[in-house]
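Order of listing sets the numbers, starting from 1, for every ligand and every atom in it. Side chains included, hydrogens not; waters and symmetry mates left out as well; all remaining heavy atoms used. In this chain, numbering begins with 1 at the start of the sequence shown. In this text the structure is predicted, and so the values were computed from the model without any measurement.
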Amino acid sequence: MDQIRVHGGRPLHGRLPISGAKNAALPLMAAGLLSAEPVRLANVPRLADIASMANLLRQHGVRIDRADGPDGGGDTLTLSAEEIVSTVAPYDLVRKMRASVLVLGPLLARFGEATVSLPGGCAIGNRPVDLHLKGLADLGAEVEIENGYIKASTPGGRLQGGRVAFPFVSVGATENLMMAAALAAGETELVNAAREPEIVDLARLLTAMGATIEGAGTDTVRIQGRETLSGAVHRVIPDRIETGTYAIAVGIAGGEVVLEGADGGLIASAVDTLADAGLRIEEVEGGLLVARGPDPVIGVDMMTEPYPGFPTDLQAQYMALMTVSRGASMITETIFENRFMHVPELGRMGANINVHHASAMVRGVPQLTGAPVMATDLRASVSLVLAGLAATGTTMVNRVYHLDRGYDRLVEKLSACGAAIERVPSERAAAEE
Ligand code: EPZ
């Protein structure tokens with residue numbers, strides 16, 4: 001397996017392009033199932049998860065044409081779901097990526113049936129889909145679990161709009177229900193809906209396809225369904241988690257970088273916390289300028305929360321920053337039950353972190369030291385790369401396939417800003433071990 005080698009101690013300077021948002025593009029692609037007309041998505045990032053969703057949609061019968069974006073920019077995907085040949089999402093595809101469950105709502109709403117493998121857990125937690133299933137049942141679907149598959153159907157022939165009250169916030173359940181409601185008869189009200197920018201971006205596409213949606217981005221979303229939805233053209237919003245990741249990279253390595261195409265408004269809570277820690281972050285023409293002076297950042301407590309709170313997807317990266325801060329930081333993870341797997345790996349680099357249930361006390365140390373470390377999940381793997389930027393010596397990050405799921409051209413982007421970072425192909429990595 002490929003590795004990433006980082007030689008620490010070099011500040012970052014220059015411009016770094018931010019790609020389209022993975023967690024917006026995935027539901028937007030699934031929404032292509034809702035129409036027999038083409039849906040065109042611009043600024044789609046080049047990621048393993050995007051390829052996984054494309055493979056899943058193709059086996060349903062969706063035709064997907066990809067055109068390269070402008071130099072290094074996102075691709076344009078044209079999805080045509082005119083001829084769907086199967087409403088089954090098989091285990092061997094779904095197990096590779098949980099977001100595959102987002103085909104459930106669209107398939108059920110347009111074809112009256114869907115058989116989707118249960119996604120199963122993943123490294124960061126059990127991650128059930130009970131809220132998705134209960135919500136669809138609230139719209140009149142019959143849902144059973146058989147042999148590891150969700151078998152859903154609409155005995156009444158079509159989903160009926162209704163009221164869905166989520167007991168707690170779920171991004172994916174909100175997205176699945178918005179897409180299902182867009183073809184349901186009548187009005188659907190989603191209560192305690194997720195408010196993430198990716199929800200708002202999905203609402204923009206569904207509206208362009210003909211649905212009427214009010215309240216996207218608030219905790220109550222109303223959707224007027226239609227008999228059929230048309231095609232549309234849509235541009236994916238910039239990736240707020242990638243933006244936060246590279247802002248934290250500057251915090252760790254020092255220097256000054258312009259994050260091109262970034263929208264700081266999408267991660268206002270994280271921007272506030274990073275500014276409190278000592279980063280200079282300001283909107284400039286075409287993006288977001290992030291700078292850190294000669295002194296390390298200071299320790300600031302943080303708790304992850306549903307949007308607009310501090311994103312759980314930035315927790316591991318923020319922890320890497322706090323390991324080299326002046327002072328201490330209490331970091332509390334409230335969304336997932338097992339999202340501290342980066343802690344022992346950071347500890348191998350000299351970090352001082354004590355975990356107690358859902359909280360980690362991080363005491364800053366003057367210096368991390370490079371080491372061979374193991375990536376366990378997407379965001380944990382990037383936190384190890386970030387730690388490597390600050391560490392003395394060389395850090396080798398193994399299992400970088402985790403990184404390829406969510407970071408488009410990470411090595412190129414960081415090395416263009418002065419980082420000493422390279423990808424070591426597996427055969428060379430094995431030879432050098
Ligand atoms: C989305 O996952 C994101 N993935 C995740 O990003 C992100 O961490 C998460 O939202 C929270 O912001 C995509 O958008 C593709 P949830 P999702 O449903 O929708 C529990 C990344 O790194 N839950 O909001 O799966 C669940 O176990 C990924 O890019 C239920 O119990 O997250 C979790 O503890 C990781 N039952 C909490 O709710 C359900 O039916 C929030 O999950 C659904 C969720």
Side-chain angles (χ1 to χ4, degrees), residues 19-31 45 47-50 52-53 56 94 96-105 116 118-138 143 145 150 164-179 190 192-202 219 236-237 239-245 266-267 269-270 304-318 333-339 341-342 358 375-383 402-408:
S19 302
K22 164 177 90 78
N23 290 350
L26 292 170
L28 294 169
M29 289 171 73
L47 299 169
D49 273 9
I50 299 296
S52 299
M53 180 61 85
L56 175 63
V94 173
K96 290 196 183 91
M97 185 185 61
R98 278 187 50 74
S100 307
V101 75
L102 292 173
V103 302
L104 174 62
V116 176
L118 278 167
C122 73
I124 62 178
N126 171 26
R127 300 182 73 183
V129 289
D130 50 323
L131 270 64
H132 301 237
L133 306 185
K134 183 186 171 307
L136 293 170
D138 290 344
V143 182
I145 306 288
I150 302 159
V164 179
F166 294 114
F168 51 85
V169 171
S170 161
V171 172
T174 302
E175 291 165 343
N176 241 333
L177 266 297
M178 277 171 63
M179 291 188 281
L190 304 183
N192 202 15
R195 301 169 53 189
E196 273 68 4
E198 292 75 31
I199 302 284
V200 177
D201 207 30
L202 177 60
D219 60 5
V236 180
I237 55 172
D239 194 316
R240 62 193 171 99
I241 303 304
E242 188 192 25
T243 301
T245 300
L266 301 180
I267 44 165
S269 170
T304 65
E305 293 172 300
Y307 194 87
F310 194 103
T312 173
D313 292 349
L314 281 179
Q315 179 259 105
Q317 300 92 312
Y318 184 75
E333 170 60 57
T334 69
I335 307 291
F336 288 104
E337 66 266 25
N338 184 30
R339 206 169 194 177
M341 282 166 303
H342 39 287
T376 49
D377 61 271
L378 167 57
R379 307 302 177 182
S381 50
V382 82
S383 80
H402 288 295
L403 265 174
D404 296 338
R405 297 191 53 177
Y407 288 92
D408 185 358

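Counting heavy atoms closer than 4.0 Å to ligand 1, residue E198 contributes nothing at all. Contact annotation for D130 and ligand 1: heavy atoms of both the backbone and the side chain come within less than 4.0 Å of the ligand.
Proximity of a side-chain donor or acceptor of T304 to a complementary backbone N or O of F310 within less than 3.5 Å is not detected. Side chain of E242 to backbone of G244: no donor-acceptor contact under 3.5 angstrom is found. D219 places no side-chain N or O within donor-acceptor distance of the main-chain N or O of N192, the cut-off being under 3.5 Å.
A side chain to side chain contact (heavy atoms under 4.5 Å, CB included) with V129 is found for exactly one of L118, L104, V116, namely L118.
Atoms of ligand 1 lying under 4.0 Å from at least one heavy atom of H132, given by number and element, are 40 (O). Against a heavy-atom cut-off of under 4.0 Å, R339 is close to the following atoms of ligand 1: 8 (O), 22 (O), 35 (C). Within ligand 1, counting atoms from 1 as listed, the ones closer than 4.0 Å to a heavy atom of G172 are 18 (O), 19 (O). Interface of I335 with ligand 1, defined as ligand atoms under 4.0 Å from a residue heavy atom, comprises 33 (C), 34 (O), 37 (C), 41 (C). Of all atoms in ligand 1, numbered sequentially from 1 with element shown, those under 4.0 Å from a heavy atom of K22 are 21 (C), 29 (O).
Taking a 4.0 Å cut-off on heavy atoms, E333 fails to register as neighbouring ligand 1. Using a 4.0 Å cutoff on heavy atoms, P128 counts as a contact of ligand 1.
Nearest residue to atom 9 (C) of ligand 1 from F336, Y307, F166 is F336 (criterion: closest heavy atom). Nearest-heavy-atom check against atom 4 (N) of ligand 1 across V101, N23, L102, D313 picks out N23.
The two residues L56 and S100 have their closest heavy-atom pair at CD2-CB, 3.5 Å.
Looking only at side-chain heavy atoms (C-beta outward), E198 and E175 come within less than 4.5 Å of each other. Contact of the D201 side chain with the L28 side chain is registered, since non-hydrogen atoms from C-beta on lie closer than 4.5 Å. With contacts defined as side-chain heavy-atom distances shorter than 4.5 Å, the pair D313/R339 qualifies. Counting heavy atoms from C-beta on, the side chains of I199 and Y307 never come closer than 4.5 Å.
Shown here are the ring pair (Phe, Tyr, Trp, His ring centres under 6.0 Å) partners of Y407, two or more places apart in sequence or in another chain: there are none.
Distance CG/N176 to CG/L102: 5.0 Å, rounded to 0.5 Å. Taken to the nearest 0.5 Å, the CD1 atom of I267 stands 8.5 Å off from the CZ atom of R240.
Nearest to atom 40 (O) of ligand 1 among the protein's heavy atoms is L131 N, 2.7 Å. For atom 29 (O) of ligand 1, the closest non-hydrogen atom of the protein is R379 NH2, 2.8 Å. For atom 11 (C) of ligand 1, the closest non-hydrogen atom on the protein side is T312 CG2, 3.9 Å. Protein heavy atom in closest approach to atom 18 (O) of ligand 1: S170 OG, 2.7 Å. Ranking protein heavy atoms by distance to atom 17 (P) of ligand 1, first place goes to R127 NH2, 3.8 Å.
Annotation: V171 places an N or O atom under 3.5 Å from an N or O atom of ligand 1; distance criterion only. By the 3.5 Å distance cut-off applied to N or O atoms, A99 is not counted among the residues near ligand 1. Checked by distance only, ligand 1 and F168 stay at 3.5 Å or farther apart across all their nitrogen or oxygen atoms.
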